[in-house]
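All heavy atoms count here, side chains included; hydrogens, waters and symmetry mates do not. Predicted, not measured: the structure shown is a model, and the values here were computed from it. Chain identifiers are assigned alphabetically (A, B, ...) following the order of the sequence lines, protein sequences preceding nucleic acid strands; residue numbering begins at 1 within each chain.
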Amino acid sequence: MAFESLTDKLTNVFKGLRSKGKLTEEDVRVALKEVKMALLEADVSFKIVKQFINSVSERAVGEEVLTGLNPAQMVIKIVNEELTKLMGEEVTELTLNPGGKMTVIMMCGLQGSGKTTTAAKIAGKVKSKGKSPLLVAGDVYRPAAVDQLKVNAEKVGSEFFSMGTEVSPVTIAKEAIQYAESHHNNVVILDTAGRLQIDETLMQELIDIKNAITIDETLLVVDAMTGQEAVNVAETFNEKIGIDGIVLSKLDGDSRGGAALSARAVTGKPIIFAGMGEKLGDLEPFYPDRMASRILGMGDVLTLIDKAVEAKQEADEEKERQMAAKLKKGSFDFNMYLESMKQMRSMGGLGGILNMLPGVGKISDDQLPDEKELARMEAIVLSMTPRERENPKILTPQRKFRIAKGSGNDISVVNRFIKQFEQAQKMMKQMGGMKRGRHGMGALGGLMGMGGGIPGMGRRGKFF
Amino acid sequence: MADGLFKRLKASLTKSRNSISENLNNVFLGYSEIDEDFYEELEERLIMADLGVNATSRIMDRLRERVKAENLTHTSSCREILIEEITGQMAMPPTAYVFLNGRTVLFVIGVNGAGKTTSVGKLAALFKGEGKNVLIAAADTYRAAATEQLVEWANRADVPIITGKEGADPASVIYDAVHAAQARNIDMLIVDTAGRLHNKKNLMEELRKMSRIINKELPFWNQENLIVLDGTTGQNALSQAHEFGDVTRLTGIILTKLDGTAKGGIAIAIVNELSIPVKYIGIGEGINDMTPFDPNAYVRALFDEKDQEEEQHD
């Protein structure tokens with residue numbers, strides 16, 4: 001297949017992010033540029049894309065590092081949330097007047113968008129809800145449009161009203177209402193001819209119809225495959241005629257359906273139905289969140305994120321509990337050291353954590369321990385066997401040499417690190433009986449509060 | 001007639017405040033020096049014309065190359081290059097209209113609502129006006145009243161038509177039409193087909209079968225396989241052209257509904273990526289509102305060129 005789907009595209013973009021582990025502002029910018037391109041390829045209107053990207057980057061840059069989520073997941077989350085917000089968050093149903101009171105629906109849209117077919121589909125739908133629909137042939141221009149509606153009316157078992165093609169649609173609309181009243185039809189669906197939004201005469205015709213009869217719902221039918229023009233169409237129809245809802249047709253195709261987003265965003269009107277096929281039963285409610293996922297192409301990924309977030313929270317709490325228990329016993333090992341490093345990073349680095357600690361105040365970068373130094377310490381621990389990590393006492397000189405080699409450090413560096421670690425261990429033991437303060441920071445908060453206790457940080461403990 | 005159509009195309013292109021020509025020209029009016037802002041805005045405008053990201057970046061790359069190579073600094077020269085580039089891309093292969101000289105079957109296909117039936121009616125009138133013997137085959141036996149719609153067009157164009165019952169096998173209509181065409185000494189057999197979305201396997205296979213019958217029954221005729229594209233369609237049209245091209249070898253595009261503000265920039269993308277020439281354009285609902293595609297006129301209309309050039313046209 002020559003055309004990469006939006007799913008693939010965004011997945012690739014975010015795969016790139018994920019593998020980096022840490023997200024910089026530049027990463028966000030690059031990612032959003034890809035999102036922008038992908039949305040444009042999905043035919044979302046250029047203006048809407050621009051606004052969208054701006055609002056996402058505003059949110060992403062401030063928020064992403066602090067929440068403890070994987071940064072790439074965070075960006076996906078924000079993109080999806082903003083997209084769903086734009087799509088309208090809830091399913092909107094067609095509003096029908098209660099009881100026997102008549103509801104009048106007018107279809108409008110460009111040529112070939114699917115008005116006549118949709119009109120018949122809606123008639124079938126309301127009939128199945130126990131209403132008595134009347135399909136009105138108001139397209140007097142396109143050859144055989146009246147016949148098409150008549151055939152479809154029969155198929156869905158709806159009553160049908162036509163005055164041929166020599167009468168003005170305004171007159172047809174008025175007569176249709178009277179007919180419906182005398183025949184007890186409580187839903188009148190008026191089909192109209194396709195027209196361009198810049199066709200003044202034909203647009204006036206719709207206005208005239210609206211002035212002549214009471215229309216409850218004016219529905220704009222938009223082809224899901226529409227390009228950049230969708231925004232102009234929706235905007236102009238809404239400004240001139242005033243629409244109450246949108247029907248998205250031909251959604252059973254493989255289009256990415258960006259037109260839906262454009263039309264929705266520019267009019268603020270809900271999308272009420274989605275046309276899912278040529279059969280007259282193929283009309284479905286429109287689910288904004290699903291559409292957002294379709295445009296994003298990331299439904300599965302999003303579910304995964306939700307699960308990952310939950311799982312991570314549970315796992316973190318569990319680990320925290322274990323660590324606290326170990327600390328109480330005074331057994332502090334290299335595994336815990338690694339874990340605290342990892343936690344620290346996922347929480348926005350040392351700087352981020354320190355800034356969150358009450359009483360620490362603002363810390364400038366040069367006051368922080370060197371990230372490179374920390375990485376070096378981590379390398380040393382990673383070069384240890386699991387047994388050595390659990391049990392630092394067994395570290396013989398031979399083992400230390402091996403570790404130095406494995407981590408690419410001088411033996412003196414390894415020795416110094418282990419010494420510092422042993423000191424820290426001792427301090428932990430002394431602290432063992434002390435009560436632990438706040439919950440949120442848990443073990444890590446405790447470690448940080450100890451001042452020079454942690455190797456690799458101790459040297460610059462002055463800010464405590 | 002073509003001149004009148006060109007004027008109308010131009011008129012429609014410049015009609016709206018959102019028109020592409022206005023947008024494009026604004027970029028050149030807004031900047032005199034070529035710089036990154038200018039490039040960026042130009043790029044935006046091309047994307048807003050539905051050219052898509054790929055075709056746009058390819059065109060922009062060419063533009064940057066030439067600006068660099070030719071040491072240009074003024075945006076006005078950029079405009080010329082852009083016109084040249086797009087016109088060049090949209091240029092017809094020399095054999096594009098050879099089919100007009102022999103017996104031809106035109107197989108008109110596309111997605112729902114693109115304007116196939118209307119285009120078939122207009123083509124019939126166009127060929128009839130050129131003195132050809134035209135026959136229409138109404139092979140859309142699926143959509144309600146599609147045959148009635150086409151019969152009306154056939155009457156307007158004063159051209160005979162072969163029809164089948166609603167729900168009948170479209171292949172049988174083609175079979176009948178092919179034999180009628182041979183018997184009646186027809187020059188142009190125009191086959192209308194039911195609209196279908198290109199991701200519907202069965203419907204696409206049905207189309208493949210129809211194409212095969214035409215090949216088999218009329219081996220010595222030219223076969224023009226024309227895909228009808230709605231000028232307001234976005235990037236999905238690429239997918240359409242690709243999938244329909246998989247079923248039958250596409251020889252051209254009919255670009256419809258160019259009387260709105262959308263100007264079918266997607267056609268530029270398709271020519272750019274799939275090299276299928278646009279052969280006819282539809283710019284209104286009247287029976288004479290179809291014309292062979294003129295790349296120069298199209299691009300000039302896109303850029304809203306001045307009147308003296310318009311007079312040189314045709």
Side-chain angles (χ1 to χ4, degrees), chain A residues 1-3 36-38 40-47 49-50 110-114 116-117 120 141-152 154-155 193-194 196-199 223-233 235-236 249-250 252-259 277-278 280, chain B residues 12 15-16 18-19 44-45 47-50 52-54 56 111-115 117-118 121 142-153 155-156 166 194-200 230-240 242-243 256-257 259-263 265-266 273-274 285:
Chain A
M1 186 66 200
F3 309 101
K36 176 177 161 184
M37 285 307 163
L40 286 175
E41 286 293 294
D43 290 318
V44 181
S45 150
F46 191 88
K47 288 181 215 162
V49 171
K50 248 184 158 174
L110 297 183
Q111 288 92 345
S113 56
T116 307
T117 305
Y141 306 101
R142 179 164 63 90
V146 176
D147 297 331
Q148 186 185 349
L149 191 65
K150 188 177 179 195
V151 171
N152 283 338
E154 274 167 27
K155 283 186 189 166
L196 293 164
Q197 78 279 13
I198 51 165
D199 188 325
D223 185 330
M225 299 180 280
T226 313
Q228 296 284 321
E229 182 75 347
V231 75
N232 292 337
V233 173
E235 190 172 32
T236 314
S249 65
K250 307 179 203 174
D252 51 328
D254 63 354
S255 64
R256 294 166 186 173
E278 287 186 83
L280 294 170
Chain B
S12 70
K15 206 179 312 189
S16 151
N18 291 315
S19 84
E44 286 178 8
R45 302 297 163 162
I47 284 173
M48 286 169 90
D50 283 325
V53 174
N54 289 341
T56 298
V111 298
N112 315 65
T117 305
T118 305
Y142 185 82
R143 179 164 61 90
T147 298
E148 285 86 338
Q149 185 183 350
L150 196 54
V151 166
E152 175 61 31
W153 280 110
N155 288 339
R156 289 185 194 176
E166 193 181 316
R196 64 202 74 216
L197 291 175
H198 47 288
N199 58 345
K200 304 276 153 99
D230 183 329
T232 57
T233 306
Q235 302 311 303
N236 190 247
L238 272 166
S239 178
Q240 292 171 23
H242 194 268
E243 295 299 310
T256 62
K257 308 184 198 175
D259 40 349
T261 54
K263 279 298 127 321
I266 185 61
E273 292 192 21
L274 300 173
E285 287 183 280

*By a 4.5 Å heavy-atom criterion (distance strictly below it), what part of A:Asp252 contacts chain B: side chain, backbone, both, or neither?*
both
*Under a 4.5 Å heavy-atom cut-off, does chain B meet the side chain of A:Lys50, its backbone, both or neither?*
side chain
*Do you know which two heavy atoms are closest between A:Gly112 and B:Lys257, and how far apart they sit?*
CA-NZ, 3.8 Å
*Drop me the distance from B:Thr233's OG1 to A:Asp43's CG, to the nearest 0.5 angstrom.*
9.0 Å
*Pairs of heavy atoms under 4.5 Å with chain B: top-ranked of A:Pro143, A:Ala120, A:Gly114, A:Gly257*: A:Pro143
*Quick one: what part of A:Leu110 sits under 4.5 Å from any heavy atom of chain B, side chain, backbone, both or neither?*
side chain
*List the steps, then state whether side-chain contact (heavy atoms from CB on, under 4.5 Å) holds for B:Glu166 with A:Val151.*
CA-CA 11 Å; B:Glu166 193 181 316; A:Val151 171; 4.1 Å; yes
*Picking from B:Asn199, B:Thr256, B:Leu150, which has the most non-hydrogen pairs under 4.5 angstrom with chain A?*
B:Asn199
*When heavy-atom pairs shorter than 4.5 Å are enumerated against chain A, which of B:Arg156, B:Glu152, B:Glu44 gives the highest number?*
B:Glu44
_Less than 4.5 Å to any heavy atom of chain B: does that hold for the side chain of A:Glu278, its backbone, both, or neither?_
both
*Please report the closest heavy-atom contact between B:Gly113 and A:Lys250, naming both atoms and the distance.*
CA-NZ, 3.8 Å
*OG-CD distance between A:Ser255 and B:Gln235, expressed to the nearest 0.5 angstrom*: 11.5 Å
*Please round to the nearest 0.5 Å and tell me the distance separating atom OG1 of B:Thr232 and atom CG of A:Leu196.*
9.0 Å
_With rounding to the nearest 0.5 angstrom, report the CE to CG distance, A:Met225 to B:Asp230._
8.0 Å
*Does any N or O in the side chain of A:Glu41 come within less than 3.5 Å of the main-chain N or O of B:Val53, such that one atom is a donor and the other an acceptor?*
yes
*Quick one: closest heavy-atom pair of B:Asp259 and A:Ile198, and the distance?*
O-CD1, 3.5 Å
*Check whether B:Asn112 gets within reach of chain A through its side chain, its backbone, both or neither, counting any heavy atom under 4.5 Å.*
both
*Measure distances from B:Val151 to the heavy atoms of chain A and classify the residue's part below 4.5 Å as side chain, backbone, both or neither.*
neither
*If you take all heavy atoms of B:His198 and A:Asp254, which pair is closest and at what distance?*
NE2-OD1, 2.6 Å
_Closest contact, heavy atoms only, B:Ile47 versus A:Gln228_ = O-CG, 3.4 Å
*Would you name the heavy atoms of A:Gly253 and B:Leu197 that are closest together and state the gap between them?*
N-CD1, 3.5 Å
*Apply side-chain contact (heavy atoms from CB on, under 4.5 Å) to B:Glu148 and A:Gln148, showing your working.*
CA-CA 9 Å; B:Glu148 285 86 338; A:Gln148 186 185 349; over 6 Å; no
